[in-house]
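Worksheet: one structure, shown below.
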Amino acid sequence: MRQSHLFGRTLRAAPSDAQLASHKLLLRGAFVRQVAAGIWTLEPLGFRVAKKLEQIIREEIDRIGGQEMSMPVINPATLWQESGRWDSLEPNAFRFRDHDGRDFMIAFTHEEIVTAHAREDIVSYRQLPIIVYHFQTKGRDEARPRGGLVRVREFVMKDSYSIDRDFAGLDAAYEKHRDAYARIFARAGVRALMVESDPGNMGGDVAHEFQVLVEGGEDRILICENGDYRANADKATRKIEPALSQNGVPKASRIATPGASTIDQLSASLKEPSDRFLKTVLVKLDGDIAAVVLPGDRELNEAKLKARLGAKEVRFATDADFSRAGSVAGFIGPVGLRNARLIVDAGVSRGASYIAGANVKDAHLRDVVLGRDFEGEVADVHDAREGDRCPRCGGKLTMHRGIEVGNIFKLGTFYSEKLNAMYLDEDGARKPLVMGSYGIGVGRLLATVVEEHHDDKGIIWPMAVAPFQVHLLTLPHTDERVRAAADQLYAEFEQAGVEVLYDDREDSAGVKFADADLIGLPIRVIVSRRTIEKGEAEVRLRDGSKELFAPLDRVERGVKTMIDERLAAATA
RNA sequence: CGGGGCGUGGCGCAGUUUGGUAGCGCGCAGCGUUCGGGACGCUGAGGCCGCCAGUUCAAGUCUGGCCGCCCCGACCA
């Protein structure tokens, strides 16, 4: 490709509001352009990277027996009504009506469609197991797109679906995907960690995410120093060390706490550490009032609350809800609460003495004891944090930021039961198909590759995913001898199947070098007056690891060898 | 959805406070000089100032409404 005719111009400056390195560099390097909030075009450079990522994914999913197909972007509402997600995804899906008033949506993901096909096409256990997949556009009307390609409203996902006769089969398919994902991310050049995650509204119970640790990533990940536990904060637990149960705790007594409605204020005025208090949070769980009692130094984790209690929606309570529960905001406590489901966080120690709200303005109760003064459903619903102990080994947990590039879910029979996708098993019984769902966001993966491979000048593409393998520069292009030698090299590269971007623009050396650094092709070949004098060209690696001069007639072969070595290393 | 910010040639921005000829840098076109890290000179093209109303002799600037984009939070496979 001659750069003078490449569609897409590099920009000297990125918009001042771009935060992530990938956002700035992909924009400046003419890889992507924004069309609307969270809606992006991949220009030729970006598109070539996306295609390479897709090919890596394709090869690895094929390797575990995946069959590629293609399911539609436009989905009828009826299928989503069968699974119940037509309503539960509100208002996150793009919806519209056709000319006849029928409801449709842009596929949010493809569980419904694949399950509908499976109920037609799979009739016998003899056909199983099956893995099908496709690369397809998804639409999600995210409330807040952000971070360039990281959170967008339209994106291509590789989603595969495993269909098995039983859970042992599902476990096997899940493991195959886990291994395939490890190879995919390694080949793409990103360090993706598998972490335990919350299945959310996907249905099913077991789920893992592949997270690339990136400062500025939007997910919070807790990692044990001993390497045996990694979890998304939406799911993470910690080893809880119960305070010693105290004997002879005096009867609970009311104390005056005028104006002290937060744990911080109480802690300051009563000179007691925050974990001596109980924090009671009044919420509406799917419309029903519930009071969640937490240690005073802990925050409620809504994702965990939803998952543990099987709730779809958590909202904070209104003043009216406080009155109904017989309490008052700022002074709520578990003792004497009415009309509310009481949930006690696992971090609250049974038998220990706490200070809690008295459900009366400007008053708290001292010596409140779980098991004596109140009781409730125990659930681990607090936020784990940096410095907590690992639930497996007691090691120290650290908090990191990450970007989720892929996920794997054990759906089980969630969709097959709802959509009545059954097969006839060996014993003659009709049974629901056992399914799994496995996604990788291609654009997001592209962004994380950049996050992991760049410097202050630009991108440093790994060979396996670089839009072109070689950047050929002339200094200057107006010199006839230089141009002739470079034209010759360009032809040789093309002949040899080397992917080459030829900077044939009549720009100064500074401009060409700066653009080459920005675009970040792994190998740079420079033909200049200086090198031509000796019948040579300069060969430089973008990562700075090599810089040499080679006779013009040996450049193509040498470069080809470097490429092949690097590709082989990435695939191994 | 709550809070904040922004919208002016292709890009990055000033001008809005105090209404009065629409600017700067980069980029772009032509000519010439230069040529290993974002060169220089001369000439030139390019703007419904986000949109719609209103106030005014006069609106980029004031008022109202709307739209779009960004950031923080909420939410989110």
Side-chain angles (χ1 to χ4, degrees), chain A residues 8-20 23-24 27-28 30 33-39 85 88-93 107-111 138 140-148 150-153 155 157 159 195 197-204 206-211 216 218-219 232 234-235 302-303 306-307 312-316 403-411 436-441 444 457-458 473-479 482-483 503 505-518 524 526-533 537-538 540 547 549:
Chain A
R9 276 190 330 128
T10 56
L11 307 175
R12 191 173 282 211
S16 49
D17 46 38
Q19 308 285 315
L20 290 175
H23 185 185
K24 289 185 227 177
L27 210 46
R28 285 223 291 134
R33 293 289 184 246
Q34 186 172 5
V35 174
I39 311 278
R85 292 209 296 175
S88 70
L89 290 178
E90 190 94 39
N92 219 329
F108 194 85
T109 174
H110 283 80
E111 278 80 10
K138 307 287 187 268
R140 297 182 188 183
D141 193 3
E142 299 285 353
R144 182 149 105 79
R146 73 184 104 185
V150 170
R151 175 156 297 270
V152 294
R153 298 196 293 170
F155 60 98
M157 176 189 270
D159 38 330
V195 310
S197 73
D198 170 21
N201 68 5
M202 290 298 299
V206 177
H208 288 87
E209 292 168 350
F210 287 79
Q211 289 275 354
E218 52 182 2
D219 291 333
N232 191 307
D234 284 348
K235 147 132 196 177
E302 287 184 33
K306 278 194 218 172
K312 282 194 179 126
E313 185 189 62
V314 179
R315 284 186 185 280
F316 285 101
I403 293 175
E404 178 190 357
V405 289
N407 52 40
I408 54 181
F409 287 96
K410 288 188 184 178
L411 300 172
S437 154
Y438 315 87
I440 293 178
R444 210 182 247 193
K457 290 181 176 150
L473 315 193
T474 46
L475 296 183
H477 196 71
T478 47
D479 185 298
V482 167
R483 198 168 59 223
D503 190 347
R505 299 172 305 168
E506 296 182 4
D507 277 297
S508 70
V511 170
K512 290 189 165 195
F513 283 136
D515 276 350
D517 288 338
L518 176 60
R524 186 176 308 173
I526 303 155
V527 180
S528 70
R529 281 195 187 124
R530 205 199 279 171
T531 65
I532 234 59
E533 290 301 321
E538 182 181 349
R540 246 202 254 179
E547 195 173 335
F549 292 84

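In what follows, chains carry the letters A, B, and so on, assigned in the order in which the sequence lines appear, proteins first and then strands, with residues in each chain numbered from 1.
By the 4.0 Å N-to-carboxylate-O rule, A:R9 lies too far from A:D515 to be salt-bridged with it.
Residue-level contact check: A:R33 touches neither bases nor backbone, having no heavy atom under 4.0 Å from any strand. As judged by a 4.0 angstrom heavy-atom cut-off over every strand, A:R153 is placed among residues making no nucleic acid contact. Residue A:A13 is classed as a sugar-phosphate contact, given heavy-atom separations below 4.0 Å to backbone atoms only.
Nearest heavy atoms, A:R524 versus A:F513: NH1-CD2, 3.6 Å.
In this structure a side-chain-to-backbone donor-acceptor pair under 3.5 Å is missing from A:K512 to A:L473.
Searching all strands for a Watson-Crick or G-U wobble partner of B:C75 with both distances below 3.5 Å returns nothing. When both distances must be under 3.5 Å, the Watson-Crick or G-U wobble mate of B:C35 does not exist. Base-pair partner of B:U18: not found among the strands shown (Watson-Crick or G-U wobble, both distances under 3.5 Å). Taking a pair to require two hydrogen-bonding distances under 3.5 Å in either a Watson-Crick or a G-U wobble arrangement, B:G10 pairs with B:C26.
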I need a per-nucleotide contact map over nucleotides 28-36 of chain B, read 5' to 3'. Cutoff is protein heavy atoms under 4.0 Å; write B for the base, S for backbone only, - otherwise. -------BB
When you compare the protein's N or O atoms with those of nucleotides 70-75 of chain B, which come within less than 3.5 Å of each other, and at what distance?
residue : atom : partner : partner atom : Å
B:C70   : OP1  : A:Q34   : NE2          : 2.8
B:C72   : OP2  : A:R144  : NH1          : 3.1
B:C72   : OP2  : A:R144  : NH2          : 2.7
B:C75   : OP1  : A:E302  : OE1          : 2.4
B:C75   : OP1  : A:E302  : OE2          : 3.0
B:C75   : N4   : A:R146  : NH2          : 3.2

